[in-house]
Number of protein chains: 4
Amino acid sequence: MGSTGSTVTPKRTAAPTGRRAELLATAAEVFAEQGYSATTVRTIADRAGMLAGSLYYHFDSKESMADEILSGFLHDLWDGYERIETAGLAPRATFERLVAESFAQMERHRPAVVIYQKEARGLASLPRFGYLAESQRRFRELWTATLERGVADGSFRPGLDVPLAYRFVRDTVWVAAVWFRPDGRKSTAEVAGQYASMVLDGISAP
Amino acid sequence: MGSTGSTVTPKRTAAPTGRRAELLATAAEVFAEQGYSATTVRTIADRAGMLAGSLYYHFDSKESMADEILSGFLHDLWDGYERIETAGLAPRATFERLVAESFAQMERHRPAVVIYQKEARGLASLPRFGYLAESQRRFRELWTATLERGVADGSFRPGLDVPLAYRFVRDTVWVAAVWFRPDGRKSTAEVAGQYASMVLDGISAP
Amino acid sequence: MGSTGSTVTPKRTAAPTGRRAELLATAAEVFAEQGYSATTVRTIADRAGMLAGSLYYHFDSKESMADEILSGFLHDLWDGYERIETAGLAPRATFERLVAESFAQMERHRPAVVIYQKEARGLASLPRFGYLAESQRRFRELWTATLERGVADGSFRPGLDVPLAYRFVRDTVWVAAVWFRPDGRKSTAEVAGQYASMVLDGISAP
Amino acid sequence: MGSTGSTVTPKRTAAPTGRRAELLATAAEVFAEQGYSATTVRTIADRAGMLAGSLYYHFDSKESMADEILSGFLHDLWDGYERIETAGLAPRATFERLVAESFAQMERHRPAVVIYQKEARGLASLPRFGYLAESQRRFRELWTATLERGVADGSFRPGLDVPLAYRFVRDTVWVAAVWFRPDGRKSTAEVAGQYASMVLDGISAP
DNA sequence: CATGAATGAGCCTTCATTCAT
DNA sequence: GATGAATGAAGGCTCATTCAT
């Protein structure tokens with residue numbers, strides 16, 4: 001996870017705090033705006049009001065910044081998803097809760113989600129980012145299982161092409177991070193609710 | 001655009017042919033796989049079996065390759081969209097045709113669509129890519145108008161949040177380019193049909 | 001011009017100091033020896049004992065090095081010329097002082113003068129070097145006016161072809177920078193005096 | 001001399017004719033305008049209405065073009081100078097004839113003279129341009145001898161610093177190539193006469 | 001004679017990274 | 001904690017040159 005394991009923070013993979021957290025937030029914003037590859041550490045440093053070299057007091061490398069950003073996001077995401085999994089709700093309710101949780105994570109980690117969306121494929125080839133592939137697998141299993149349970153119990157369409165629907169839902173939800181800004185008039189929960197409704201019931205008149 | 005203005009190709013901005021087209025296809029694949037910024041011209045050249053410098057016999061710059069790829073795609077896309085616009089169909093049918101046309105373009109220009117998806121924001125700031133913003137505007141108008149017509153005539157849900165639905169549909173359709181491969185068992189039209197059905201009618205059981 | 005605007009150097013466009021000044025001196029020597037275009041930044045860096053890329057910590061570009069070299073020289077030159085202009089001396093004395101000042105500048109800025117001589121035409125087309133044309137115009141006006149005043153008051157030959165004489169003098173003086181080395185036996189003022197004498201009185205026996 | 005020694009031109013170092021001569025003239029102009037190093041063969045080819053590669057049918061290399069241009073000029077120059085040398089005239093007359101001959105060569109070979117002026121130092125290090133140094137030596141000997149003879153017989157100033165005067169004259173005469181255009185109102189001989197007069201008798205009133 | 005296409009070396013520049021201060 | 005200066009590897013691009021057609 002790229003945690004430095006300092007003695008000050010006894011919790012494993014403690015969330016970064018203070019200056020470190022600010023710098024990560026800055027880096028995440030820039031990565032999200034310009035893309036990981038097109039971002040230079042100088043841009044991050046400029047935005048943080050320091051020189052490029054000074055970043056290396058806080059982080060090992062540009063890569064480790066991305067690592068910490070992404071793993072922090074995925075850590076929180078799975079915390080939330082696990083709570084839903086263990087709640088043992090019906091498929092449709094599970095589905096709605098998963099969408100809501102995803103939007104909640106976008107609220108907390110919007111830049112990280114954008115980075116995940118755009119860069120996961122490229123970064124996943126690096127050993128240190130092995131957890132990305134692992135997370136994707138778990139993600140697919142969770143959503144696919146939910147869809148299949150829903151088809152089985154009749155709450156989702158009979159004959160639904162589950163792999164296709166999975167990709168549809170996955171992309172549909174995450175890509176929202178590109179435009180989603182929680183400072184709008186609607187609460188995050190409202191947007192998530194409307195989104196889930198569109199996916200579940202379609203946009204056609206019934 | 002490097003149009004040769006030869007008498008053989010009366011169309012403006014004639015589609016590149018021969019070696020040039022091959023190289024563009026190669027470049028588009030690499031851009032789509034690795035991202036524009038992370039792609040080196042050497043990678044493109046390697047894949048094309050030539051040296052990096054040799055690319056510059058055919059193209060002015062890396063940027064101009066991206067330009068030609070994107071403008072070629074958008075050119076074809078609008079050809080198709082315009083045919084649908086002028087057909088004057090009912091909202092739902094228009095919607096279905098637009099989704100089908102989008103998938104048809106993905107079949108022809110899959111890498112270009114991926115590039116468009118990932119890099120449009122970054123490239124749009126360059127003057128030469130001004131047409132990207134212009135295309136986005138037209139795109140939004142077309143889809144938004146279709147959604148509004150559908151709400152008005154009762155074929156889409158009353159009270160549909162059109163701007164939200166627009167973004168939902170836009171992302172949902174284009175992001176499919178990342179995984180869509182026409183060489184599967186289903187025809188492009190079939191996939192498009194199922195996709196449109198999910199968006200229109202939802203994945204829930206009626 | 002990279003002026004730091006520090007409170008220590010009240011003069012506008014403070015002359016570069018320290019490392020920066022050393023590097024500029026090195027660059028100027030190489031440009032003068034090999035020509036701007038034939039000079040590679042690697043050669044400059046080698047001579048300065050660093051790697052080519054390291055130059056870019058100090059300067060924006062090869063072009064900006066030439067810029068700083070030339071504008072520094074012209075700045076000092078006009079400082080000197082202005083003092084002579086405002087002294088309001090008779091034409092012949094003005095002429096002698098201008099020649100002396102020109103040689104004095106060659107002593108301080110010899111490589112810059114050589115660069116100016118050889119590259120001004122080529123560089124002047126770049127917008128950032130617009131001041132070269134401006135300086136040339138002022139230069140011509142100053143010398144031409146001096147020649148004309150001398151013809152008018154009888155200290156220069158009646159019927160002197162002033163435009164021709166101007167070009168003669170201009171080239172004659174500046175081209176000396178190619179061979180002039182102040183470390184010779186004669187002082188700069190002596191060489192300048194002999195030079196002025198040749199131009200004014202000719203090399204023939206009276 | 002880079003002559004191809006074709007059987008059609010039995011004369012040694014035959015002056016290039018036809019297409020070849022045209023191309024050399026074009027190349028000389030571009031070299032003179034932009035400098036040897038800053039000139040690309042593509043620019044020359046463009047100006048000649050052909051592709052860069054096509055030049056290599058006519059010439060071995062860019063270097064050999066410069067070679068042929070410079071050696072052609074020096075060949076003609078020494079033809080003229082030798083005629084003056086063998087005429088055995090008095091120093092002042094020799095001087096005047098040398099200046100006149102120099103201007104005559106500028107009329108025929110103006111771009112070559114400019115190239116010689118700017119690039120001789122840089123090119124002289126290449127083995128094939130060994131004749132440049134040789135020519136410079138002869139040149140210095142001829143002019144220096146003339147000056148010394150003039151001092152000895154009293155036609156030039158007693159105490160004239162001959163090496164200084166030589167450099168003065170050399171630069172003064174050749175640098176005129178930069179601006180000299182024979183299409184002006186004055187004939188070449190007239191300009192040369194005025195020039196010689198300025199050098200010999202000065203610009204001051206007697 | 002000239003073109004079209006490619007080569008290979010080298011150029012200017014960028015950038016992640018290091019390290020003494 | 002941060003700066004200033006440098007490194008070294010690469011990256012995009014240029015250009016003289018070659019050669020089959």
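The structure presented is a predicted model; accordingly, all values stated were derived computationally and were not measured. The sequence lines fix the lettering, A, B, ..., with proteins before strands; numbering per chain opens at 1.
- Here the side chain of A:Arg20 pairs a donor or acceptor atom with the backbone of A:His58 at under 3.5 angstrom.
- Spacing between atom CZ of B:Arg20 and atom C1' of E:dA5 amounts to 14 Å, rounded to whole angstrom units.
- Contact of the C:Phe31 side chain with the C:Lys62 side chain is registered, since non-hydrogen atoms from C-beta on lie closer than 4.5 Å.
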Between D:Leu70 and D:Glu119, does the side chain to side chain contact (heavy atoms under 4.5 Å, CB included) criterion hold? Intermediate values first, please. CA-CA 10 Å; D:Leu70 288 175; D:Glu119 318 286 354; 5.9 Å; no
Could you give me the CA-CA distance, side-chain angles and deciding distance for B:Ile44 and B:Leu23, then say whether side chain to side chain contact (heavy atoms under 4.5 Å, CB included) is met? CA-CA 8 Å; B:Ile44 298 172; B:Leu23 292 172; 5.9 Å; no
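- Distance, C:Asp60 CG to E:dC15 C1': 15 Å, rounded to whole Å.
- With rounding to whole Å, A:Lys62 atom NZ is found 17 Å from E:dT18 atom C1'.
- Between the CZ atom of B:Arg42 and the C1' atom of E:dT7 there is a distance of 14 Å, given to the nearest Å.
- As judged by a 4.0 angstrom heavy-atom cut-off over every strand, B:Ser37 is placed among residues making no nucleic acid contact.
- For B:Tyr36 and F:dG12, the OH to C1' distance is 10 Å, given to the nearest whole Å.
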Report, one pair per line, the protein and nucleotides 6-8 of chain F atoms (nitrogen or oxygen only) whose separation is under 3.5 Å.
| unit_1 | atom_1 | unit_2 | atom_2 | d |
| --- | --- | --- | --- | --- |
| F:dA6 | OP1 | C:Arg19 | NH1 | 2.4 |
| F:dA6 | OP2 | C:His58 | NE2 | 2.5 |
| F:dT7 | OP2 | C:Leu51 | N | 3.0 |
| F:dT7 | OP2 | C:Ser54 | OG | 2.7 |

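- Ranking F:dC13, F:dG11, E:dA16 by closeness to the B:Tyr56 side chain, first place goes to F:dC13.
- DNA chain F lies under 4.0 Å from no heavy atom of any residue of residues 119-128 of chain C.
- Looking at heavy atoms from C-beta onward, D:Tyr36 lies out of side-chain contact with D:Lys118 at the 4.5 angstrom threshold.
- One finds the CD atom of C:Glu29 at 6.5 Å from the CZ atom of C:Arg47 (value rounded to the nearest 0.5 Å).
- Residue contacts shown for B:Ser64 are absent, as no nucleic acid heavy atom lies under 4.0 Å away.
- A 4.5 Å side-chain heavy-atom check between D:His109 and D:Tyr116 finds every atom pair outside the cut-off.
- Looking at heavy atoms from C-beta onward, C:Leu123 lies in side-chain contact with C:Leu126 at the 4.5 angstrom threshold.
- The CZ atom of C:Arg128 sits 7.0 Å away from atom CG of C:Asp60, with the distance rounded to the nearest 0.5 Å.
- Looking at C:Ser64, its side chain never comes within 3.5 Å of a backbone N or O of C:Asp67 through a donor-acceptor pair.
- The closest side-chain heavy-atom distance from D:Leu74 to D:Leu132 is below 4.5 Å.
- At the heavy-atom level, B:Thr43 lies nowhere under 4.0 Å from the strands shown.
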Symbol by symbol from the 5' end, with Watson-Crick or G-U pairs under 3.5 Å, [ ] crossing and | another strand, DNA chain F is .||||||||||||||||||||
